[in-house]
Amino acid sequence: MARTSQRVAEAAGCSHGGDGEPGALPTPAAPRGTNPQNVGGVQGFSLPKASLLDRVAEPGQEQLTETSQVWACDMDFAGTGDARLSFVATSDATIISAASREPGTFKNLPDDKGVYGPAQAVLHCGKGDVYFAARWNNEYDGVLLDHTRNTTPSYADIRRATFQAFLNTATSSHSCPAVMLPDGR
């Protein structure tokens with residue numbers, strides 16, 4: 001996800017820092033088993049129970065990419081659904097600028113805490129803005145849609161709760177304000 005974000009920023013013509021060259025991302029760490037209570041090594045970050053589906057999308061492997069400005073976690077779920085979920089938190093101005101260029105993508109959060117959009121937010125944090133995002137692969141979207149058809153919680157509720165769980169735990173390491181995402185209704 002971090003590499004994709006960087007390519008999007010480059011394609012949008014955003015420069016990176018003083019020299020105009022994007023920073024190189026390190027090779028991701030070796031895959032490891034996902035700790036369901038500390039996803040991505042983030043203390044206390046767990047996925048909502050409704051986002052996990054028996055034998056279809058269960059905690060499996062994760063792979064981290066970390067630099068001084070980027071933390072990304074790509075999760076491959078165990079099960080038959082071929083589900084993948086990625087999270088990113090970055091203070092990289094190139095990525096934040098590229099994400100912010102899409103008109104109508106973001107809405108303001110209360111109290112000037114930042115902006116949010118579908119499964120993404122830019123928060124005004126202690127040392128500057130930080131971009132947070134989650135991305136579901138098509139297969140995971142498909143199994144969630146199939147599983148939630150005419151049920152509660154809905155597909156949208158599960159996605160929102162998953163991203164909210166990420167924000168609830170990942171924001172503190174960046175000295176970001178606590179935020180509660182609107183439910184979209």
Side-chain angles (χ1 to χ4, degrees), residues 1-5 7-8 28-66 70-90 95 99 102 104-107 109-110 113-123 130-173 176 178-185:
M1 185 161 173
R3 292 184 194 288
T4 300
S5 297
R7 282 193 291 271
V8 169
R32 66 183 189 193
T34 299
N35 178 337
Q37 286 76 43
N38 297 301
V39 173
V42 176
Q43 186 68 33
F45 176 33
S46 60
L47 299 175
K49 188 174 182 173
S51 71
L52 302 172
L53 308 172
D54 287 338
R55 297 182 305 276
V56 177
E58 298 175 327
Q61 297 283 309
E62 63 188 24
Q63 194 167 21
L64 300 180
T65 303
E66 297 181 86
V70 176
W71 172 91
C73 176
D74 296 309
M75 297 178 59
D76 288 317
F77 288 89
T80 60
D82 197 25
R84 291 188 184 87
L85 177 58
S86 298
F87 297 96
V88 68
T90 181
I95 295 171
E102 290 297 317
T105 300
F106 291 107
K107 297 178 184 177
L109 286 164
K113 292 181 178 181
V115 295
Y116 74 97
Q120 59 184 338
V122 177
L123 302 181
V130 179
Y131 174 72
F132 296 90
R135 296 286 181 265
W136 290 253
N137 73 342
N138 290 337
E139 290 79 7
Y140 191 23
D141 271 342
V143 297
L144 283 177
L145 284 166
D146 289 345
H147 180 74
T148 60
R149 197 170 316 275
N150 302 318
T151 65
T152 301
S154 71
Y155 165 79
D157 292 338
I158 292 171
R159 285 180 53 116
R160 185 189 150 292
T162 301
F163 186 56
Q164 183 69 60
F166 175 53
L167 286 178
N168 289 348
T169 53
T171 55
S172 63
S173 65
C176 297
V179 296
M180 183 58 66
L181 298 172
D183 69 5
R185 291 189 188 131

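Sequence positions, counted from 1, serve as the residue numbers for this chain. Below, all heavy atoms of this structure are taken into account, side chains as well, without hydrogens, waters or symmetry copies. These numbers were taken from a predicted model, which means no experiment stands behind them.
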_For a ring-ring contact (aromatic ring centres under 6.0 Å, His included) check, start with the C-alpha distance between Phe106 and Tyr116, then their side-chain angles and the critical distance, and finish with the verdict._
CA-CA 5 Å; Phe106 291 107; Tyr116 74 97; 8.3 Å; no
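- Contact record, Leu109 with Pro182: CD2-CD, 4.4 Å, taken as the closest heavy-atom pair.
- Rounded to the nearest 0.5 Å, atoms CZ (Arg149) and CG (Leu144) are 11.5 Å apart.
- Residues Phe163 and Ala121 come closest through the heavy atom pair CZ-N, 3.8 Å.
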*asked:* Could you go through Asn35 and Glu62, starting from their C-alpha distance and side-chain angles, then the distance that decides it, and tell me whether this counts as side chain to side chain contact (heavy atoms under 4.5 Å, CB included)?
replied: CA-CA 9 Å; Asn35 178 337; Glu62 63 188 24; 5.9 Å; no
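- Across all their heavy atoms, Thr90 and Ile95 have their closest contact at CG2-CG2, 3.8 Å.
- In plain terms, the two heavy atoms of Asn137 and Tyr140 that are nearest each other are OD1-N, 2.8 Å.
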*asked:* If you apply the rule side chain to side chain contact (heavy atoms under 4.5 Å, CB included), what do you find for Phe132 with Thr171, and how did you get there?
replied: CA-CA 9 Å; Phe132 296 90; Thr171 55; 3.9 Å; yes
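- Between the side chains of Tyr155 and Asp141, a donor-acceptor pair is found at a separation under 3.5 Å.
- When ring centroids are compared, Phe166 and Phe45 come within the 6.0 Å threshold.
- Note that OG of Ser51 and CD of Glu58 are 11.5 Å apart. Values are rounded to the nearest 0.5 Å.
- Salt bridge annotation for Arg159-Asp157: absent, with no cationic side-chain nitrogen under 4.0 angstrom from a carboxylate oxygen.
- Interatomic distance, NE2 of His147 versus CD1 of Ile158, reported as 6.0 Å (0.5 Å rounding).
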*Start with the C-alpha gap between Val115 and Lys107, add the side-chain angles, then the distance that decides, and say whether side chain to side chain contact (heavy atoms under 4.5 Å, CB included) holds.*
CA-CA 5 Å; Val115 295; Lys107 297 178 184 177; over 6 Å; no
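- Rounded to the nearest 0.5 angstrom, Gln43 CD and Ser172 OG are separated by 10.0 Å.
- Between the side chain of Thr80 and the backbone N or O of Arg55, at least one donor-acceptor pair lies under 3.5 Å.
- Lys113 places a side-chain N or O within donor-acceptor distance of the main-chain N or O of Ala178, the cut-off being under 3.5 Å.
- Rounded to the nearest 0.5 Å, atoms CG (Leu181) and CD (Gln164) are 4.5 Å apart.
- Judged purely by atom type and a 3.5 angstrom limit, Gln63 has no side-chain atom pairing as donor or acceptor with the backbone of Asp76.
- Across Pro48 and Ala165, no two heavy atoms sit closer than the pair CD-CB, 4.4 Å.
- Rounding to the nearest 0.5 Å places CG of Asp74 at 3.5 Å from OG of Ser86.
- A distance-only check finds no donor-acceptor pair linking the side chain of Gln61 to the backbone of Thr34 [under 3.5 Å].
- Between Glu139 and Arg84 there is no salt bridge, since no side-chain N of the basic residue sits under 4.0 Å from a carboxylate O of the acidic one.
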